[in-house]
Amino acid sequence: MQKYLRIGLVVMTCLVVGYLSGMVTRESITTWYPTLVKPFFNPPNWIFAPVWTALYIMMGFAGGIVWTKIDQDEKMVKKAFLFFIIQLGLNALWSFIFFYLHNPLLAFIEIILLLLVIFETYTQFKKIDKIAGYLFIPYLCWVSFAMILNASIWWLNR
C-alpha cells in the first residue's frame with residue numbers, strides 16, 4: 001500500500017505544479033500570446049493542456065516508482081529524486097518566465113537548462129528502474145519540441 005501512496009503523492013504533486021503553472025499562463029494565453037508571431041509548426045492552444053496533463057502524470061508515476069526503491073539504494077534514489085525536484089521547479093519557472101514576464105529569450109535559455117536536467121533525471125531514473133526512465137522519454141521529446149518552438153517564437157519576435 002505504501003508503494004501506491006508514494007506514487008499517488010508524487011503524481012498529485014506534479015499535477016499541482018502543472019495546475020499552478022497553468023494559472024500563471026492563463027491570462028497571457030488570451031492577451032499577450034496571440035500577439036506573437038509564431039512558426040508554422042505552432043500547435044493549437046487546446047493541445048497543450050491534455051499533453052501536459054499526460055506528461056505530469058507520467059512524470060509523477062516515474063518519480064513515485066523511483067521513490068519506492070529507496071530501501072534498495074538510498075543514496076542513488078536521493079540523487080535521482082533531487083534531479084526530479086530540480087526539473088519540476090525549472091518546468092514551473094519556464095512558464096513564469098515566458099508567460100508572466102513575457103521574455104522568450106530568457107525562457108529559451110532556461111528551457112535549455114531544463115532539458116539538460118530532464119535528461120539527467122531520465123538517466124538517473126533509468127539506472128534505478130527502466131520503466132521509470134522510459135516514462136520520461138515523452139517528456140524529453142515534448143520539451144525538446146517546446147525548446148525549438150520557444151527559440152522560433154523568440155527569433156520571429158525579436
Side-chain angles (χ1 to χ4, degrees), residues 1-34 42-72 74 76-104 106-147 149-150 153:
M1 190 60 166
Q2 186 178 16
K3 175 182 178 178
Y4 299 111
L5 186 60
R6 286 181 178 181
I7 291 171
L9 184 60
V10 180
V11 168
M12 289 307 297
T13 300
C14 290
L15 288 171
V16 166
V17 168
Y19 176 78
L20 294 174
S21 294
M23 296 296 288
V24 169
T25 68
R26 191 161 282 129
E27 183 181 333
S28 287
I29 289 291
T30 58
T31 56
W32 173 72
Y33 191 68
N42 189 69
N45 287 347
W46 64 264
I47 198 94
F48 290 96
V51 168
W52 274 112
T53 300
L55 292 172
Y56 282 121
I57 290 169
M58 287 188 285
M59 181 191 320
F61 199 81
I65 291 171
V66 167
W67 187 14
T68 67
K69 308 286 182 173
I70 196 147
D71 295 336
Q72 295 171 10
E74 184 176 348
M76 186 179 269
V77 168
K78 283 184 175 181
K79 179 181 178 186
F81 219 75
L82 177 62
F83 279 104
F84 179 81
I85 297 297
I86 292 169
Q87 68 79 27
L88 193 57
L90 288 171
N91 182 305
L93 181 60
W94 181 88
S95 294
F96 180 78
I97 294 170
F98 189 90
F99 286 104
Y100 187 78
L101 297 180
H102 302 164
N103 193 331
L106 185 58
F108 175 62
I109 294 165
E110 195 271 357
I111 203 170
I112 293 169
L113 178 60
L114 171 59
L115 192 57
L116 292 170
V117 177
I118 293 169
F119 184 76
E120 185 59 29
T121 305
Y122 157 77
T123 302
Q124 296 298 320
F125 276 21
K126 199 169 84 166
K127 291 177 191 175
I128 296 165
D129 185 279
K130 288 199 184 309
I131 292 172
Y134 295 150
L135 284 167
F136 256 66
I137 292 174
Y139 182 37
L140 268 169
C141 293
W142 183 258
V143 173
S144 296
F145 170 73
M147 181 185 69
L149 182 59
N150 186 156
I153 289 171

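Along the sequence shown, residues are numbered consecutively beginning with 1.
Legend: side chain to side chain donor-acceptor pair (under 3.5 Å) pairs involving residues 44-60, not counting sequence neighbours, sorted by first then second residue: Tyr56-Asn91. Residue pairs meeting the ring pair (Phe, Tyr, Trp, His ring centres under 6.0 Å) criterion with at least one partner in residues 2-25, sequence neighbours excluded, do not occur; the list is empty.
Using a 4.5 Å heavy-atom cutoff, the side chains of Asn150 and Pro104 are in contact. Residues Phe84 and Val10 are in side-chain contact: their nearest non-hydrogen atoms beyond the backbone lie under 4.5 Å apart. Contact of the Met147 side chain with the Leu114 side chain is not registered, since no non-hydrogen atoms from C-beta on lie closer than 4.5 Å. For the pair Phe48 and Pro43, the minimum side-chain heavy-atom distance is below 4.5 Å. By the 4.5 Å heavy-atom criterion applied to side chains, Arg6 and Ile70 are counted as neighbours.
A search for side-chain hydrogen bond (donor to acceptor under 3.5 Å, both in side chains) contacts involving Lys79 returns nothing, not counting sequence neighbours. Glu110 meets the side-chain hydrogen bond (donor to acceptor under 3.5 Å, both in side chains) test with no other residue; sequence neighbours excluded. With sequence neighbours excluded, the residues satisfying side chain to side chain contact (heavy atoms under 4.5 Å, CB included) with Ala92 are Val17, Ser21. Scanning for side chain to side chain contact (heavy atoms under 4.5 Å, CB included) contacts around Val51 gives Ile47, Leu55, Trp142, with sequence neighbours left out. Residues passing the side-chain hydrogen bond (donor to acceptor under 3.5 Å, both in side chains) test with Glu74, sequence neighbours excluded: Lys78. Among residues two or more places apart in sequence or in another chain, the side-chain hydrogen bond (donor to acceptor under 3.5 Å, both in side chains) test is passed with Tyr33 by Asn42. With sequence neighbours excluded, the residues that form a side chain to side chain contact (heavy atoms under 4.5 Å, CB included) with Ile131 are Ile65, Asp129, Leu135. Under the side chain to side chain contact (heavy atoms under 4.5 Å, CB included) criterion, Leu140 pairs with Leu115, Ile118, Phe119, Tyr122, not counting sequence neighbours. With sequence neighbours excluded, the residues satisfying ring-ring contact (aromatic ring centres under 6.0 Å, His included) with Phe98 are Trp32, Trp94. In this structure, Lys3 has no salt bridge (charged side-chain N to carboxylate O under 4.0 Å, His left out) partners at least two apart in sequence or on a different chain.
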### Query
Would Ile128 and Gln72 satisfy side-chain contact (heavy atoms from CB on, under 4.5 Å), going step by step from the backbone distance to the final call?
CA-CA 9 Å; Ile128 296 165; Gln72 295 171 10; 5.8 Å; no
One pair to check against side-chain contact (heavy atoms from CB on, under 4.5 Å): Tyr139 and Thr121. What are the steps and the verdict?
CA-CA 11 Å; Tyr139 182 37; Thr121 305; over 6 Å; no
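Nearest heavy-atom pair, Pro34 versus Ser28, reported as atom, atom and distance to 0.1 Å: CD-O, 3.8 Å. For the residue pair Gly63 and Phe81, the shortest heavy atom distance occurs at O-CE1, 3.3 Å. Between Ser95 and Thr25, the closest heavy-atom pair is CB-CG2, 3.9 Å.
Here CE of Met58 is found 10.5 Å from CD1 of Ile137. Values are rounded to the nearest 0.5 Å. Atom CD1 of Ile85 sits about 6.0 Å away from atom CG of Leu88, to the nearest 0.5 Å. Between atom NZ of residue Lys127 and atom CD of residue Gln124 there is a gap of 4.0 Å, rounded to the nearest 0.5 Å. Ser144 OG to Ile112 CD1: the interatomic distance, rounded to the nearest 0.5 Å, is 11.0 Å.
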